[in-house]
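Every value quoted in this text rests on a predicted model; they were computed, and no experiment measured them. What you see below is based on every heavy atom in this structure, not just the backbone, and it leaves out hydrogens, waters and symmetry mates.
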Amino acid sequence: LRTRPFDTIEQMNNAIVESINACAEQDDTIICIGDWAFGSIDNIYTFYSRLICKNIIFIPGNHDTKIKENRLLPNTSCQAQDLFIMYPELITINHKGTSITLCHYPLDQWENKNRGGIHIHGHSHHSLDDTILNKEYRRIDVGWTETKGIYLLDDIIEQLSNRKCK
């Protein structure tokens with residue numbers, strides 16, 4: 001929590017849950033690009049159970065070992081991966097005609113980069129926002145702790161539409 005504006009993991013998780021619930025309705029789909037819930041394995045289910053929306057596409061990050069290992073969740077009969085629609089650590093999807101590469105880690109090259117493709121990542125806590133790839137190209141860090149914001153795919157596409165493809 002050294003670089004985050006919270007005194008405890010619980011404060012941070014509470015703020016994230018509140019911001020997600022303010023935006024995502026029950027029938028929406030959330031895409032989580034890694035680092036689901038910090039702390040003990042109990043936090044995985046606790047965090048999930050507090051969300052209104054349960055349709056969660058999950059792309060693992062570096063702090064998701066317990067989910068990757070598919071551990072049994074305490075006080076439940078389910079394993080960690082049962083909570084999510086599991087995706088691999090790197091995947092490219094199509095949203096309304098736009099190629100979107102999703103990965104927890106920032107990439108220098110991604111599928112369809114030179115043809116208008118977008119790369120959405122986390123991990124770097126916006127430390128790369130001033131780099132050429134994040135300022136001029138179609139790559140964006142959607143990490144929550146610095147912006148306190150939830151991103152909509154349509155808004156990301158619009159925001160990045162004027163940036164370079166090559």
Chemist: Charged N to carboxylate O below 4.0 Å: is that the case for Glu136 and Arg163?
Modeler: no
Chemist: Ile157 vs Lys96, test: side chain to side chain contact (heavy atoms under 4.5 Å, CB included). Steps then yes/no.
Modeler: CA-CA 10 Å; Ile157 292 168; Lys96 298 181 179 177; 5.5 Å; no
Chemist: How far apart are the C-alpha atoms of Trp110 and Thr92, what are their side-chain angles, what is the distance that settles it, and do they pass the side-chain hydrogen bond (donor to acceptor under 3.5 Å, both in side chains) test?
Modeler: CA-CA 9 Å; Trp110 57 91; Thr92 299; over 6 Å; no
Chemist: Looking at the rings of His121 and His119, which for Trp means the six-membered one, are their centres under 6.0 Å apart?
Modeler: yes
Chemist: Looking only at the side chains, is there a donor atom on one of Asp141 and Ser124 sitting less than 3.5 Å from an acceptor on the other?
Modeler: yes
Chemist: Atom CZ in Arg71, atom OG1 in Thr65: separation rounded to 0.5 Å?
Modeler: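 Atom-to-atom, Arg71:CZ and Thr65:OG1 are 8.0 Å apart.
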Chemist: Does the side chain to side chain contact (heavy atoms under 4.5 Å, CB included) test come out yes or no for Ile100 and Leu153, once each step is laid out?
Modeler: CA-CA 9 Å; Ile100 302 172; Leu153 280 180; 4.0 Å; yes
Chemist: Would you say Asn55 and Thr29 are linked by a side-chain donor-acceptor pair, where the criterion is simply a distance under 3.5 Å?
Modeler: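 On atom types as modelled, these side chains do not qualify, holding no pair under 3.5 Å.
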Chemist: A quick test of your reading: do over 12 heavy atoms of other residues, nucleotides or ligands sit less than 6.0 Å from CG of Asn75?
Modeler: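 At most 12 heavy atoms, drawn from other residues, nucleotides or ligands, come within 6.0 Å of this atom.
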Chemist: Atom CG of Leu83 and atom CH2 of Trp36: how far apart are they, to the nearest 0.5 Å?
Modeler: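 Nearest 0.5 Å value for the CG-CH2 distance: 8.0 Å.
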Chemist: Which distance, rounded to the nearest 0.5 Å, do you find between the CD of Gln79 and the CG of Leu72?
Modeler: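 Reported to 0.5 Å precision, the distance equals 6.0 Å.
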Chemist: Using distance alone, with no hydrogens and no angle criterion, decide if His95 and Asp154 have a side-chain donor and acceptor under 3.5 Å apart.
Modeler: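 Yes, a side-chain donor-acceptor pair sits under 3.5 Å.
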Chemist: Strictly distance-based, threshold 3.5 Å: is any side-chain N or O of Lys164 a donor or acceptor partner for the main-chain N or O of Asn114?
Modeler: no
Chemist: What distance do Gln26 atom CD and Asn21 atom CG have between them, rounded to the nearest 0.5 Å?
Modeler: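 It is 11.0 Å, given to the nearest 0.5 Å.
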Chemist: Counting N and O atoms only, with roles assigned by atom type, does the side chain of Asn94 sit under 3.5 Å from a partner on the main chain of Ser99, one being a donor and the other an acceptor?
Modeler: no
Chemist: If Ile, Leu, Val, Met, Phe, Trp and Tyr residues are connected whenever their side-chain heavy atoms lie under 4.5 Å apart, and connections chain through other members, are Phe58 and Ile33 in the same group?
Modeler: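 Shared cluster, no.
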Chemist: More than 12 heavy atoms of other residues, nucleotides or ligands under 6.0 Å from NZ of Lys68: is that the case?
Modeler: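 Counting neighbours around NZ of Lys68, more than 12 heavy atoms of other residues, nucleotides or ligands fall under 6.0 Å, so yes.
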Chemist: According to side-chain hydrogen bond (donor to acceptor under 3.5 Å, both in side chains), who are the partners of Thr46, at least two apart in sequence or on a separate chain?
Modeler: none
Chemist: Can you tell me how far apart CD (Glu158) and CG (Leu152) are? Round to the nearest 0.5 Å.
Modeler: 11.0 Å
Chemist: Answer with yes or no whether the hydrophobic clustering places Ile118 together with Ile30; edges join I, L, V, M, F, W, Y residues whose side-chain heavy atoms lie under 4.5 Å apart.
Modeler: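 Hydrophobic grouping puts Ile118 apart from Ile30.
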Chemist: Please tell me whether Tyr45 and Phe47 are part of a single hydrophobic cluster in this structure, the criterion being side-chain heavy atoms less than 4.5 Å apart.
Modeler: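 Yes, because Tyr45 and Phe47 connect within a single hydrophobic cluster, where side-chain heavy atoms sit under 4.5 Å apart.
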Chemist: Could you measure the distance from the CG atom of Leu90 to the CD atom of Glu111? Nearest 0.5 Å is fine.
Modeler: 8.5 Å
Chemist: Closer than 4.0 angstrom, basic N to acidic O: yes or no for Arg50 and Glu18?
Modeler: no
Chemist: Is the OH atom of Tyr151 crowded by more than 12 outside heavy atoms at less than 6.0 Å?
Modeler: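 Check passes, neighbour count above 12.
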Chemist: Check the orientation of Phe6 and Trp144. Use parallel for under 30°, tilted for 30 to 60°, and perpendicular for over 60°.
Modeler: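 Judged by the thresholds at 30° and 60°, the geometry between Phe6 and Trp144 is parallel.
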